[in-house]
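Only one structure is covered here, and it is reproduced in the block below.
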Amino acid sequence: QVQLVESGGRLVQPGGSLRLSCAASINIFSMFVMGWYRQAPGKQRELVGDITRYGTTEYADSVKGRFTISKDNAKNTMYLQMNSLKPEDTAVYYCNAKKIGLATESYWGQGTQVTVSS
């Protein structure tokens, strides 16, 4: 059983920066692909980006060049650095872990609210 806890969401002004954290209950990165998702009101949950055990990252077009995913294996924590924030980035952000080679084994955090507004 994997427990994921997000933190760091808050109100931030357009153009500002914010770092979200996702802490995992186990040493997770060797056997799970970790990702950040977000869901705005009235919209489907979408992939923001993910990171593999090798550190390879992939990002949605909407955030490329502005967001960066990183991880600290010793702390079992994944981060989402968000720069040049736009009002369109407003959403609940979720941490996700997918078991490598077993797509049906997937875990979600509770979500953290990010609001970008002046």
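Source: prediction; values computed, not measured. Side chains are part of it too, since the values below use all heavy atoms of this structure and drop only hydrogens, waters and symmetry mates.
- Minimum heavy-atom separation, Ala91 to Ala40: CB-N, 3.9 Å.
- Both Met31 and Ile51 belong to a single network of hydrophobic side chains, linked directly or stepwise wherever heavy atoms of I, L, V, M, F, W or Y lie under 4.5 Å apart.
- Judged as a side-chain contact (heavy atoms from CB on, under 4.5 Å), and not counting sequence neighbours, the contacts of Gln110 are Val5, Glu6.
- The hydrophobic cluster containing Val33 does not contain Tyr93, counting ILVMFWY residues as joined when their side-chain heavy atoms lie under 4.5 angstrom apart, directly or transitively.
- Under the side chain to side chain donor-acceptor pair (under 3.5 Å) criterion, Asn27 pairs with no residue, sequence neighbours left out.
- Counting only heavy atoms from C-beta outward, the side chains of Thr115 and Arg10 never approach each other to under 4.5 Å.
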Exercise answer: donor-acceptor pairs, residues 99-106 side-chain atoms, under 3.5 Å, sequence neighbours excluded:
from: Glu105; atom 1: OE2; to: Tyr107; atom 2: OH; distance (Å): 3.2
from: Ser106; atom 1: OG; to: Asn96; atom 2: ND2; distance (Å): 2.9

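- Remark: Ser84 engages Arg66 in a side-chain contact (heavy atoms from CB on, under 4.5 Å) (not counting sequence neighbours).
- In this structure Thr57 satisfies the side chain to side chain donor-acceptor pair (under 3.5 Å) test with no other residue, sequence neighbours excluded.
- Residues forming a side-chain contact (heavy atoms from CB on, under 4.5 Å) with Ser30 (at least two apart in sequence, or on another chain): none.
- Cluster annotation: Met82 and Val92 are assigned to distinct hydrophobic clusters (Ile/Leu/Val/Met/Phe/Trp/Tyr, side-chain heavy-atom contacts under 4.5 Å, transitive).
- Annotation: side chain of Ser117 is not in contact with side chain of Thr90 (no heavy-atom distance under 4.5 Å).
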Side chains of residues 14-26: which donor-acceptor partners sit under 3.5 Å, not counting sequence neighbours?
from: Ser17; atom 1: OG; to: Asn83; atom 2: OD1; distance (Å): 2.9
from: Ser25; atom 1: OG; to: Gln3; atom 2: N; distance (Å): 3.0

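- Applying the salt bridge (Lys or Arg N to Asp or Glu O under 4.0 Å) test to Lys86 and every residue at least two apart in sequence or in another chain returns nothing.
- Two residues are said to be in side-chain contact when any heavy atoms from C-beta on lie closer than 4.5 Å; Tyr59 and Ile69 meet this criterion.
- Among residue pairs with one or both ends in residues 42-56, those qualifying as salt bridge (Lys or Arg N to Asp or Glu O under 4.0 Å) are Arg38-Glu46; sequence neighbours excluded.
- Annotation: side chain to side chain donor-acceptor pair (under 3.5 Å) contacts of Tyr37 (sequence neighbours excluded): Lys98.
- No donor-acceptor pair under 3.5 Å is formed between the side chain of Lys71 and the backbone N or O of Met34.
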Scan the side chains in residues 73-80 for donor-acceptor partners under 3.5 Å anywhere in the protein, sequence neighbours excluded, and list what turns up.
from: Thr77; atom 1: OG1; to: Lys75; atom 2: O; distance (Å): 2.9

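- A 4.5 Å side-chain heavy-atom check between Leu4 and Trp108 finds every atom pair outside the cut-off.
- Residues Phe67 and Gln81 form no side-chain contact, since every pair of their non-hydrogen atoms from C-beta on lies 4.5 Å or further apart.
- Applying the salt bridge (Lys or Arg N to Asp or Glu O under 4.0 Å) test to pairs two or more places apart or on separate chains, none has a residue in residues 106-118.
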